[in-house]
Amino acid sequence: MTLRIDVPGGLHAPPPALEPPPCVVVVFGATGDLTRRKLVPALYNLASCGHLPPHFALLGCARRPWSADEFRARLREGVSEFSRTGIRDPAWDALAPALDFVSGDFADPATYTLLRERLAALDAAHGTAGNRLFYLAVPPDEFRAILTGLHAAGLIVPPDAPAFSRVIVEKPFGRSLVTAHELNTLVGSVLDESQTFRIDHYLGKETVQNIMVFRFANSMFEPLWNRKYVDHVQITAAETVGVGTRGRFYESTGVLRDIVQNHLLEVLTLCAMEPPNSGHADDVRGEKLKVLQALRQPWSDTVPLDVVLGQYDGYRAEPDVAVDSRTPTFAAMRVFVDNWRWQGVPFYLRAGKRMKKRVTEVSFHMQPIPLSLFGDGNLCEHVEPNVLTLRIQPEEGIQLSFSSKLPGHDFTVAPVVMDMKYVESFGGEPPEAYERLLLDAMRGDATLFSRRDAVETSWSWIQPILDYCEANPAALPTYGADSWGPAAADRLVQHDRRQWRNP
């Protein structure tokens with residue numbers, strides 16, 4: 001498929017990017033894998049593209065007794081290995097002097113005294129004007145010590161202060177409704193909601209953001225986006241990898257908490273939300289909240305009918321996994337949004353590890369045509385319904401299938417596919433999710449971050465499913481690495497006379 005792309009400078013040129021204000025990004029857990037693989041490569045990519053503010057610094061904080069030079073050397077290795085653009089010496093040499101490190105225990109008040117002193121020095125050296133963006137790249141059980149330490153040291157200022165203090169909180173946001181509420185209460189005791197940025201990297205993906213643009217910037221699609229024209233929706237997040245060395249974490253989480261409660265529900269809200277009054281963060285997040293509030297509540301007699309769980313072959317042999325584990329690595333669900341637009345339209349969610357192909361996508365399956373085309377019922381039975389597919393990863397793009405007459409003397413109909421690929425249309429891979437999310441947090445734009453009420457509403461919806469599964473510990477069906485999950489997942493949709501779209 002060939003697309004015409006309006007280039008900057010044309011009639012539809014994008015507005016110039018909003019430059020973030022001066023700031024210091026402070027990363028707690030700076031020696032961890034997330035910092036090395038994601039955060040610093042993202043900041044390097046932003047710097048090399050000219051998107052970081054001219055007055056910027058990064059201060060790492062962790063328990064390891066590293067020097068600033070050792071910290072820079074380790075980060076350079078991470079950028080070289082994980083940056084989507086590779087590493088160029090001039091770009092790195094320009095960023096490296098802005099990287100610093102503080103070693104200390106998160107529970108020790110002396111750590112925050114040292115942080116305050118180092119931040120003052122960075123303000124003087126780099127002109128960062130007292131603005132702070134704290135990133136908690138640590139497990140949730142570290143949050144209390146860090147937040148209270150920052151508050152006691154005077155490093156969190158009120159939201160109306162001349163300089164800003166913001167905190168990015170990494171998922172998971174609790175592991176149940178109770179723990180999510182406790183975590184939000186803790187965060188709220190130190191921070192205003194406007195200062196709190198709960199990060200879900202799925203929302204930073206270009207293709208996830210494009211769901212809203214595709215819907216609301218194209219008048220030919222939005223009128224079809226409802227129960228009158230959509231038969232059902234499928235959302236799939238499949239991985240080919242297993243849990244690897246994360247067995248201990250996954251045993252306490254499972255696929256329902258790890259993927260469904262946050263990633264898939266976030267994508268569902270973008271697909272089902274009403275048009276917001278504006279692009280302002282709270283207008284967008286308010287519409288997403290309404291979708292979560294409209295989710296049909298699971299009951300003990302409906303969970304067995306609407307939820308299928310599974311476990312991949314070999315999971316129990318993974319490191320730190322119990323030999324009799326009942327932790328699901330696969331889930332398929334039938335979900336309903338009980339509002340005017342979507343009443344009666346099933347949303348089928350599917351997520352799993354060790355599946356046949358790595359793919360995350362949303363597909364809208366349109367209503368079939370009535371059996372009356374030209375009076376030929378046999379012909380209509382072979383006409384496949386239109387399917388609109390939004391590919392989130394990999395091979396990011398948009399695909400539309402429709403029917404066309406085959407050339408020839410007979411009246412024969414066959415499916416045709418139009419396929420837009422981001423790489424072909426825009427000339428390269430889309431930016432990494434953390435690039436956009438870090439940039440937005442520096443700008444103070446919370447549109448792509450989760451709000452407290454939405455987090456707790458999503459947990460309140462999925463909690464009855466978790467409670468049912470824990471109260472009824474049935475044996476989980478297994479599935480092989482060359483499959484799309486257990487056979488029961490196929491029966492879930494076949495019962496409705498539908499089938500999964502398996503790319």
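Only this structure's heavy atoms are used, side chains among them; waters, hydrogens and symmetry mates stay out.
The salt bridge (Lys or Arg N to Asp or Glu O under 4.0 Å) test applied to E182 returns no partner, not counting sequence neighbours. Listed by chain and residue number, nothing satisfies the ring pair (Phe, Tyr, Trp, His ring centres under 6.0 Å) test with H55 (two or more places apart in sequence, or in another chain). Looking at residues two or more places apart in sequence or on another chain, you find no side-chain contact (heavy atoms from CB on, under 4.5 Å) involving A124. The ring pair (Phe, Tyr, Trp, His ring centres under 6.0 Å) test applied to F71 returns F101, not counting sequence neighbours. Shown here are the side chain to side chain donor-acceptor pair (under 3.5 Å) partners of S83, two or more places apart in sequence or in another chain: N45, T85.
Residues R246 and E318 are not paired through a salt bridge, judged by the lack of any N-O separation under 4.0 Å between the basic side chain and the carboxylate.
Taking 4.5 Å as the limit, some side-chain heavy atom of M442 sits within range of a side-chain heavy atom of L43. With a 4.5 Å cut-off on side-chain heavy atoms, Y250 and T329 count as touching. Contact of the V243 side chain with the F249 side chain is not registered, since no non-hydrogen atoms from C-beta on lie closer than 4.5 Å. The shortest side-chain heavy-atom distance between E361 and Q234 does not fall under the 4.5 Å cut-off. For the pair R391 and V359, the minimum side-chain heavy-atom distance is 4.5 Å or more. Two residues are said to be in side-chain contact when any heavy atoms from C-beta on lie closer than 4.5 Å; L466 and R257 meet this criterion. In this structure, the side chains of L52 and L95 come closer than 4.5 Å at one or more pairs of heavy atoms. Using a 4.5 Å heavy-atom threshold, the side chains of L58 and L75 count as touching.
When all heavy atoms of A30 and A62 are compared, the closest pair comes out as N-CB, 4.0 Å. Of all heavy-atom pairs spanning P298 and P464, the tightest one is O-CB, 3.9 Å. Listed here is the closest heavy atom pair of T240 and K357: CG2-C, 3.5 Å. In terms of heavy-atom proximity, P486 sits nearest to T478 at CB-O, 4.2 Å. Closest of all the heavy-atom pairs between L292 and A454 is CD1-O, 3.6 Å. Closest heavy-atom contact between S48 and A91: CB-CB, 4.0 Å.
Checked against S450 for a side chain to side chain donor-acceptor pair (under 3.5 Å), the options R285, R198, E266 give a single hit: E266. When each of M355, R354, K353, Q311 is checked for a side-chain contact (heavy atoms from CB on, under 4.5 Å) with F330, only M355 meets the rule.
Listed for the R72 side chain is a donor-acceptor partner under 3.5 Å among the backbone atoms of L99. A donor-acceptor pair under 3.5 Å links the side-chain atoms of S165 to the main chain of V157, judged by distance alone. Side-chain atoms of Y112 come within 3.5 Å of backbone atoms of F106 as a donor-acceptor pair (strictly under, hydrogens ignored). Using modelled atom types, one side-chain atom of N131 and one backbone atom of F164 make a donor-acceptor pair closer than 3.5 Å. Checked by atom type and distance alone, the side chain of D123 pairs as donor or acceptor with a backbone atom of G130 at under 3.5 Å. In this structure, the side chain of R76 does not engage the main chain of A96 through any donor-acceptor pair within 3.5 Å. A side-chain donor-acceptor contact under 3.5 Å links T35 to the backbone of G29.
Put simply, CD on E77 and CZ on R36 are 6.5 Å apart, with the number rounded to the nearest 0.5 Å. For the atom pair CD (E435) and CZ (R84), the distance works out to 4.0 Å, reported to the nearest 0.5 Å. Once rounded to the nearest 0.5 Å, the distance linking CD1 of I235 with CE of M333 reads 11.5 Å.
The stretch residues 96-114 participates, sequence neighbours left out, in these salt bridge (charged side-chain N to carboxylate O under 4.0 Å, His left out) pairs: R63-D105, D100-R118.
The aromatic rings of Y135 and Y434 sit tilted, their planes meeting at an angle between 30° and 60°. Between Y44 and W92, the two ring planes are tilted [angle within 30° to 60°].
In this model, no donor atom of one side chain and acceptor atom of the other lie less than 3.5 Å apart for D69 and S67.
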